[in-house]
Engineer: 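Sending over a structure as structure tokens; questions will come in a sec.
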Protein chains: 2
Amino acid sequence: MVSASLAGELNRARVLKTLYANGPLPRPELARLTGSTRATIGQIVTPLLDDGLLEELEPLASGVQGGKPARPLWFSDSGWPVGAMLVLPQGVKTAVVTAGGRVTAVTASSFPADVDADGVTRRVTAAMRKTMARAGVALHGIGIALGAMVDTEAGTVVRAGLAPVLDGLPLAQVVQADTGVPAYLDQDTRAQALGDLLFGAGRGESSFASVYVGAGIGAGFIFEGALHRGARGAGGEVGHAVVDRDGPLCRCGRRGCWEVLANRQALHAAAQAAGLPGAAGLDLSGLVALAPRDAAAARVLAGYTDSVALGIANLQQVLGVGLFILHGDPAGAGEPFRAAVEVAAREQAFAHPGGPTRVVLGTADDVATLRGAAALVLSKALHVAF
Amino acid sequence: MVSASLAGELNRARVLKTLYANGPLPRPELARLTGSTRATIGQIVTPLLDDGLLEELEPLASGVQGGKPARPLWFSDSGWPVGAMLVLPQGVKTAVVTAGGRVTAVTASSFPADVDADGVTRRVTAAMRKTMARAGVALHGIGIALGAMVDTEAGTVVRAGLAPVLDGLPLAQVVQADTGVPAYLDQDTRAQALGDLLFGAGRGESSFASVYVGAGIGAGFIFEGALHRGARGAGGEVGHAVVDRDGPLCRCGRRGCWEVLANRQALHAAAQAAGLPGAAGLDLSGLVALAPRDAAAARVLAGYTDSVALGIANLQQVLGVGLFILHGDPAGAGEPFRAAVEVAAREQAFAHPGGPTRVVLGTADDVATLRGAAALVLSKALHVAF
DNA sequence: ATAGTTTGTGAGACTCGCATACGAACTGAA
DNA sequence: TTCAGTTCGTATGCGAGTCTCACAAACTAT
């Protein structure tokens, strides 16, 4: 039930979401955007300023008609540090992230090829302790983004296709017990979507899909400004939606999954089958560079583009989402590839009332995901339903 | 922003949702389920009882320890009548539905084959006026479910694949102007999903997909107890997600859409290709009846089952939803078909933390959709975010 | 200097949920 | 029949939060 105090929490969350969506804003603008009054906004932000979460920036110049200069509010660069962690089959990255999105004290460590669950937990906790020591301040929580299917409520690993040794690991509890700081676990693509919403290309957008294309394919969905989680954290396993029921066998056991047609290995195999020069070491950006002067490379690229766009068009049909943010290999492939995917996706989808499908590039590195992992903590600790 | 009065609205909505999800409940039980107190519940329901939306049922028997008998609350059978309309390419159905889900004054009228947009609007408004006259009471609003892509916010038809004459028609305004009652337009499968949530197999479920399989395939999604609408009402066009990129050509111009593999015509074509007895007039329930004593029919049925299940498994991968309610042809095909689809869907999907995929049958007639259309009005007028 | 404008804050009114208490209605045993 | 025990439903005062209104602070232009 919404009591007065819960209403206060909801409104505080609304103010913070508005800040994330729009950047630094003075109180009157916050009041306008939230449909509230200056007095109420002042009442809400004063404790946040006292806590050090927010701070006042330099006063803006007065308008042509004069008036007291407005002082924009924004997240303090030093306030509210939280821990962020990205756990992938090959290794772990850790960082400290402030509520404003500043990323510091980044560490990276790799797992040996034959690592077991115990080795993973040891390396993960060691990396986090190291980052905490470098940060030197108390963290408000630790967000963990994991490249596997996750039970968000329980904080456990459900199925790690690329690293089966992790199945069933209660990673959130492990980290929380080791560090003494509350830890929250979620899927990497969902964290990535949160990162896009708060700090990336999804800022100010109400609904979009944040898609990762690399060795695997995954996605996180933002609907109406909030992260979509399926039942107990399932969902977003879009890489294993079938788009070609008689297609090649996927490692998941089904045929013609989007992932098996459009992941890095598929691109590689196509390049080698076409006998492209340097196919052994060719990645997507290399192929994009090669395509203008090699017809065979252009054909391989066009096929890959269509495969990526096919999955995007399907998502648009099913979800009605109009914006797709591409991370991973496409993020480093440049504007021509983005435009080609967008055109191909538009050709394969209907006209929608929300306007034509948009495809934009995210980041190739993992900063968006680290920031998203941090956002998991912000979401819980500030009771903001991102 | 959540003011005290908006908090009151939200809590009233919460109480109504709890009633819909659980059936008639006495005040103490409502308090327990909503995490509130008897006093607060009393404060909320008293005006609803005065308005005639709710009524008190016969007192329950006291418990073994005695005590004042509790009087369950439920929606009045006479109170809060709203109009419901289902507009399909072949005709229109209208009805009056109470908040408790009682459907009365049903009318049906068919469109001639060569009908134009003007003819549709005339027949639609005439049917509604007839229903209103039969109801004899003032309606609180009219909900319109349309078998086409709609722009929910604008209340217009975006793309009616099976009836292109309707493209661009502002149906909500037309009905509202003609009847003088507020009208709300949405897609038929979304209304159907609302009907399942409030009155059908989705009662008490937080997330599910309501799927229609017939001449076309569509779906509405309930996430966390609320209807999912994409950007400006798009989304749910799942029938045209590609599951076989080299498959047969669909009427939408793409190849291998789920719909072209698993709709009524596909079943029909497969039955004729297999030379089944009476293939010309064979429908799904006929095929189910024939399969046990005809191996060829069993093969056709298995192929169709797999095609239906493939799309369901894909939805589960993408959305993480664990419950699928099948309407249309499968709803009349009986338990064996349901079980076969469920088994096939489970085989094609991963284990999810939310438990195995469940497939249940909805209604073969249009009552669920008419009730859902009525729920569109309840949602708006009572400010309940269904 | 002064009027006009905008920002930020303080005081009181208002609304709603919550804790508490009390009458109403029922059971079962003395 | 009486009375204690239990549960239901409501009346009352309190607290938390937003909203309205008013006012000081800070700036521009005349």
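So that the names make sense, note that chain A is the first sequence line, chain B the second, and so on, each numbered from 1. These numbers come from a predicted model, not from an experiment. All heavy atoms count here, side chains included; hydrogens, waters and symmetry mates do not.
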Engineer: Using heavy atoms to find the nearest nucleotide of DNA chain C for A/R71 and A/V2 separately, return the residue whose nucleotide is more 5′.
Structural biologist: A/R71
Engineer: Can you tell me if the side-chain N/O atoms of A/N11 get under 4.0 Å from OP1 or OP2 in D/dT18?
Structural biologist: yes
Engineer: May I ask you to decide if the ring planes of B/H140 and B/W80 are parallel, tilted or perpendicular, using 30° and 60° as cut-offs?
Structural biologist: parallel
Engineer: Check the phosphate of D/dT18 against A/Q43, side-chain N and O only, distance under 4.0 Å to OP1 or OP2. Yes or no?
Structural biologist: yes
Engineer: For the residue pair B/L53 and B/L16, establish whether any side-chain heavy-atom pair is separated by less than 4.5 Å.
Structural biologist: yes
Engineer: Should the pair B/F223 and B/H228 be assigned to parallel (<30°), tilted (30 to 60°) or perpendicular (>60°) ring geometry?
Structural biologist: tilted
Engineer: Quick one: does B/R229's side chain get under 4.5 Å of B/D186's, heavy atoms only?
Structural biologist: yes
Engineer: 5'-most contact on DNA chain D: B/P28 or A/E9, nearest heavy atom basis?
Structural biologist: B/P28
Engineer: Base, sugar-phosphate or nothing for A/I44? Non-hydrogen atoms, less than 4.0 Å.
Structural biologist: sugar-phosphate
Engineer: Pairs in or reaching into residues 42-63 of chain A: which pass salt bridge (Lys or Arg N to Asp or Glu O under 4.0 Å), with residues at least two apart or in two chains?
Structural biologist: A/R27-A/E56, A/E56-A/R71
Engineer: Would you name the heavy atoms of B/D77 and B/T98 that are closest together and state the gap between them?
Structural biologist: O-CG2, 3.0 Å
Engineer: What heavy-atom pair brings B/T369 and B/A191 nearest, and what distance separates the two atoms?
Structural biologist: O-CB, 4.1 Å
Engineer: Without decimals, in angstroms, what is the distance between A/E29 CD and C/dT6 P?
Structural biologist: 13 Å
Engineer: Using a 4.0 Å cut-off on protein heavy atoms (strictly under), produce a 5'-to-3' string for nucleotides 24-30 of chain C with B for base contact, S for backbone-only sugar-phosphate contact, and - for none.
Structural biologist: BBBS---
Engineer: Taking all heavy atoms of A/I144 and all of A/A183, pick out the closest pair and write down the distance.
Structural biologist: CD1-CB, 4.2 Å
Engineer: Rounded to whole angstrom units, what separation is found between the CG atom of A/L25 and the C1' atom of C/dT7?
Structural biologist: 15 Å
Engineer: Within this structure, what is the CG-to-P distance between B/L30 and C/dG17, rounded to whole angstrom?
Structural biologist: 14 Å
Engineer: Restricting to non-hydrogen atoms, name the atom on B/V2 and the atom on A/A7 that form the minimum distance, rounded to 0.1 Å.
Structural biologist: CG1-CB, 3.6 Å
Engineer: Near DNA chain C, under 4.0 Å by heavy atom, which residues of residues 32-42 of chain A?
Structural biologist: A/R38, A/A39
Engineer: The side chain of A/A4 lies closest to which of these nucleotides: D/dA16, D/dC19, C/dG8?
Structural biologist: D/dA16
